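Note that this is a predicted model, so its numbers are computed, not measured. Convention: sequence-line order gives letters A, B, ...; per-chain numbering from 1.
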There are 2 protein chains.
Amino acid sequence: MTSTDPQGSTQTQQRRPTRQRRAVAAALAGFDDFRSAQEIHDLISRQGDSVGLATVYRTLSSLAEAGEVDMLRNEDGEAIWRSCSDTHHHHLVCRTCGATVEVEGPAVERWTNAIAAEHGYADLSHTLEIFGTCPTCR
Amino acid sequence: MTSTDPQGSTQTQQRRPTRQRRAVAAALAGFDDFRSAQEIHDLISRQGDSVGLATVYRTLSSLAEAGEVDMLRNEDGEAIWRSCSDTHHHHLVCRTCGATVEVEGPAVERWTNAIAAEHGYADLSHTLEIFGTCPTCR
DNA sequence: CCGGGTTTGACAATGGTTCTCAACATCGCT
DNA sequence: AGCGATGTTGAGAACCATTGTCAAACCCGG
């Protein structure tokens with residue numbers, strides 16, 4: 001926050017291709033649903049790599065900031081992650097097994113924008129997640 | 001979870017009107033936006049009452065379960081609470097000052113139900129919160 | 001006023017997440 | 001290839017919201 005930021009402002013900050021970051025990326029590629037940082041950390045270990053938990057957190061956060069992964073919170077407030085397509089979308093998540101369906105809702109986007117505008121709110125962000133029990137888990 | 005549950009099942013369990021519960025209710029009546037449990041706890045102290053933090057949590061949780069308060073999570077995953085009307089609704093929350101607008105979106109309800117049904121998900125719940133900057137804070 | 005189930009509070013314990021900081025890896029340059 | 005500057009990492013401590021523990025205090029019906 002107090003950096004001098006020589007020239008390019010909020011631009012692609014340097015991201016060195018380290019072994020650890022590659023490991024996290026590889027782990028992310030290995031599943032489709034949302035996983036907690038700790039689960040991802042375990043996955044990496046199981047894949048033979050060794051990456052510190054703190055590093056997993058750091059990497060996930062910066063990936064999320066870069067828009068390369070989705071981060072949302074489960075009903076307990078824990079952060080869960082997964083790599084994502086680049087369009088804005090929401091999720092239908094199975095409460096039991098974590099199976100995820102990616103959903104798009106242009107209608108919802110429009111609705112939230114309208115509501116916010118109506119009340120003069122700017123600089124919006126919103127969360128919309130649906131939790132339920134998938135057909136398999138019932 | 002392993003309780004025997006003698007007779008009435010998910011019914012109105014006894015809720016004794018203790019000094020502490022009254023204090024929490026009073027505190028809740030004193031603000032319109034969402035506050036964390038700790039802030040509410042502070043508020044109570046400032047009002048002269050003394051209630052243990054654990055009790056505040058317990059009371060808020062049970063009130064939430066009874067549908068008398070809304071609990072949602074801010075962007076940091078912390079639980080925030082406020083008393084609410086009894087209909088299902090969502091919120092437009094100012095990121096800076098916490099000012100809250102209660103919004104209803106029958107369209108959204110219908111949409112989530114449709115989506116979930118389409119994928120065979122049952123036992124639904126969903127979260128939809130909009131964060132932004134209110135007119136005053138800009 | 002009594003007895004029994006509820007509720008409380010102080011404090012410990014959890015558990016996810018972030019911070020600290022010395023050791024280390026990369027990059028750009030020569 | 002060698003070097004210095006700077007970004008990264010890891011182990012563990014630190015944080016901090018939230019929940020568990022359990023004896024003491026409380027409320028209620030009789």
- prompt: Which residues, if any, of residues 68-80 of chain B bring a heavy atom under 4.0 Å of DNA chain D?
  reply: E78(B), A79(B)
Taking the side chain as C-beta and beyond, is there a heavy-atom pair between [X] and [Y] under 4.5 Å?
X	Y	value
T100(B)	F34(B)	yes
L28(A)	L60(A)	yes
T59(B)	V51(B)	no
R82(B)	E102(B)	yes

Whole angstroms only, please: what is the [atom1]-[atom2] distance between [X] and [N]?
X	N	atom1	atom2	result
D49(B)	dG9(C)	CG	P	10 Å
E39(B)	dT18(D)	CD	C1'	15 Å
H41(B)	dT18(D)	NE2	C1'	14 Å

T59(A) or S36(B), whichever maps to the more 5' nucleotide of DNA chain D: T59(A)
Are [X] and [N] close enough that a side-chain N or O sits under 4.0 Å from OP1 or OP2?
X	N	value
Q20(B)	dT7(C)	no
R21(B)	dT6(C)	no
Q38(A)	dG15(C)	no

task: State, without any angle test, whether R58(B) and S61(B) hold a side-chain donor-acceptor pair at a distance under 3.5 Å.
output: no
query: Between the side chains of R73(A) and T127(A), is a donor N or O closer than 3.5 angstrom to an acceptor N or O?
result: no
- line: Protein-proximity profile, nucleotides 18-30 of chain C, B/S/- by nucleotide at the 4.0 Å heavy-atom cutoff, equals BBB----BBS---
query: How are the rings of H126(A) and H90(A) set to each other: parallel, tilted or perpendicular (split at 30° and 60°)?
result: tilted
- request: May I ask you to check whether over 12 heavy atoms, not counting those of D123(B), lie within 6.0 Å of atom CG?
  value: yes
